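Remarks on the structure that follows.
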2 protein chains.
Amino acid sequence: MTDDVSPTKRAIMEATYDALHEQGYGDLTIQAIADEFEKSKSLLYYHYEDKEALLADFLEYALEEFMAEIDLQDHEPLEQLEMLIDATVPETIDEERYRVQIALLELRGQVPHTDVYRERYTEIDRMLTDRVASIIERGVESGAIRDVDVELEAELLVSTILGVQTRRLTTYAEFPIERSRAALFEHVQQRLVAAES
Amino acid sequence: MTDDVSPTKRAIMEATYDALHEQGYGDLTIQAIADEFEKSKSLLYYHYEDKEALLADFLEYALEEFMAEIDLQDHEPLEQLEMLIDATVPETIDEERYRVQIALLELRGQVPHTDVYRERYTEIDRMLTDRVASIIERGVESGAIRDVDVELEAELLVSTILGVQTRRLTTYAEFPIERSRAALFEHVQQRLVAAES
DNA sequence: AAATATTTACTGAACGTTTAGTCAGCCATG
DNA sequence: CATGGCTGACTAAACGTTCAGTAAATATTT
């Protein structure tokens, strides 16, 4: 959907972001989306069969935005891991990233009751974990990373990142994000970096 | 509320659990709660001013159940940490624990739009982190744990636990819970346990 | 290239249903 | 016979969804 989609559908997705941001998932009505949308409410039904279809598409849209953010360049494995942390748990979080993370948090809560959502989150979780695992694997091969259990380390890192992200979004602003970031970076250093020989 | 509450209010809380479990937060209506409740819908309004008040009370109720689950006995610090992991991320998750965790996951998604929720989750987050920190501190004092940055280690462990919990609940059953548990236990060993001298 | 038909994007008003919330009154117990 | 716990019938507003219709763009015929 990233590029090839009609401007109208894109506008609907943006309106859904805004509505979700203002109302939360519990009060997310078609009317609320329409209110954030320049065109009419009925147009939503021209483009989508029903509310469920619209929201399913929105989740895909939001996940694409998330994946785009962590599209890492060619770098050393250790640098890539640090870039990943920096992208998922940035020191200061701008409006754009904030609304993506909030949206994904809200929709995740709906997973236990919507099978399509569960599939999407499973998919993204696996993609992310595999991505991390392959970075670590490259590091092991090049000698930059110790000969660790690759899958285990990937699981651990992904979980910790998600945990920090979630706690940051759902507690007050005083949440010690610098401490958590430091802990994440140090975690990578201590568990993964090969001892100098 | 754990003990001193009327049976009716308790029944309302249980009905809310069931409704939340069947409908999800998005479709959680007063009627849905009443349907899971032996008595009438109007009675809900006899006991609570409105839906919001009922849900606020429910969150408190659910958080108490959660806290009760991790009420650790007197044990060695390292044992306590392992008990904490075992309570929050059990190998197999029974119905009771599952519905508590699901409920807390769903309500957490609502935090960005409901200040009362944010306060509660901030509170529980802080309590949990402080509890972990004090366990680690005791370990350091007794020499069972290395002389680490206590707050940092507590942050890291709490985040990782939440991350594992969340991923487990929002991906398919194939989620490698054993690997995640192993990683958590190993994490405690490797980062916290004092080297034998 | 003018005239006509068809399709596409879109709207406003309306539909039946469901929602949160009210209220007059009932029925047991003290 | 008063009071606390409780109910069923009710309402106004909000809900998701439909639909008849419009105006502009595009395709087809003449």
Side-chain angles (χ1 to χ4, degrees), chain A residues 1 3-61 103 106-107 109-110 113-117, chain B residues 1 3-61 103 106-107 109-110 113-117:
Chain A
M1 168 167 286
D3 242 25
D4 53 315
V5 83
S6 79
T8 303
K9 272 205 174 185
R10 180 170 293 275
I12 293 174
M13 297 295 95
E14 292 301 311
T16 307
Y17 261 126
D18 295 341
L20 197 56
H21 188 247
E22 296 217 5
Q23 317 279 348
Y25 186 88
D27 297 325
L28 182 61
T29 66
I30 287 286
Q31 187 60 58
I33 297 172
D35 288 347
E36 305 292 332
F37 182 44
E38 44 176 351
K39 311 208 172 151
S40 77
K41 183 174 74 161
S42 3
L43 188 59
L44 301 176
Y45 284 92
Y46 178 76
H47 288 286
Y48 292 99
E49 200 177 307
D50 54 19
K51 193 186 176 186
E52 201 181 314
L54 193 161
L55 260 35
D57 201 35
F58 173 72
L59 177 55
E60 211 147 345
Y61 183 79
E106 302 224 14
L107 263 39
Q110 192 61 18
H113 311 95
T114 315
D115 284 346
V116 195
Y117 288 8
Chain B
M1 166 169 288
D3 242 24
D4 52 315
V5 84
S6 80
T8 304
K9 270 205 176 188
R10 180 171 293 275
I12 292 175
M13 298 293 96
E14 292 301 311
T16 307
Y17 260 126
D18 294 341
L20 196 57
H21 188 246
E22 296 217 7
Q23 317 278 348
Y25 186 88
D27 298 326
L28 182 61
T29 65
I30 287 285
Q31 187 59 57
I33 296 171
D35 288 347
E36 305 291 332
F37 182 44
E38 46 177 348
K39 312 208 172 152
S40 77
K41 184 178 79 162
S42 345
L43 188 58
L44 301 176
Y45 284 95
Y46 178 76
H47 287 286
Y48 293 100
E49 200 178 306
D50 54 18
K51 195 186 175 187
E52 200 181 314
L54 193 160
L55 259 36
D57 201 35
F58 173 72
L59 176 56
E60 212 147 345
Y61 183 80
E106 302 221 17
L107 264 39
Q110 192 61 18
H113 312 95
T114 315
D115 283 347
V116 194
Y117 288 7

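All values derive from a computational prediction rather than experimental measurement. Chain A is the first sequence line, chain B the second, and so forth, proteins listed ahead of strands; every chain is numbered from 1.
With a 4.5 Å cut-off on side-chain heavy atoms, B:Tyr61 and B:Thr16 do not count as touching. Put simply, the side chain of B:Leu54 reaches to within 4.5 Å of the side chain of B:Ile33, judged on heavy atoms. Counting heavy atoms from C-beta on, the side chains of B:His113 and A:Tyr25 never come closer than 4.5 Å. With contacts defined as side-chain heavy-atom distances shorter than 4.5 Å, the pair B:Leu20/B:Leu107 qualifies. Within the 4.5 Å cutoff, the side chain of A:Thr114 has no heavy atoms near those of the A:Leu55 side chain.
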Protein-proximity profile, nucleotides 10-25 of chain C, B/S/- by nucleotide at the 4.0 Å heavy-atom cutoff, equals BBB------SBBBB--

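Every side-chain hydrogen bond (donor to acceptor under 3.5 Å, both in side chains) that A:Tyr17 has, sequence neighbours left out, goes to A:Glu65.
Counting heavy atoms of neighbouring residues, nucleotides and ligands inside a 6.0 Å radius, atom CD of A:Glu52 does not exceed 12 of them.
Heavy-atom contacts of chain A under 4.0 Å fall on DNA chain D between two terminal nucleotides, which in 5' to 3' order are D:dC15 to D:dC19.
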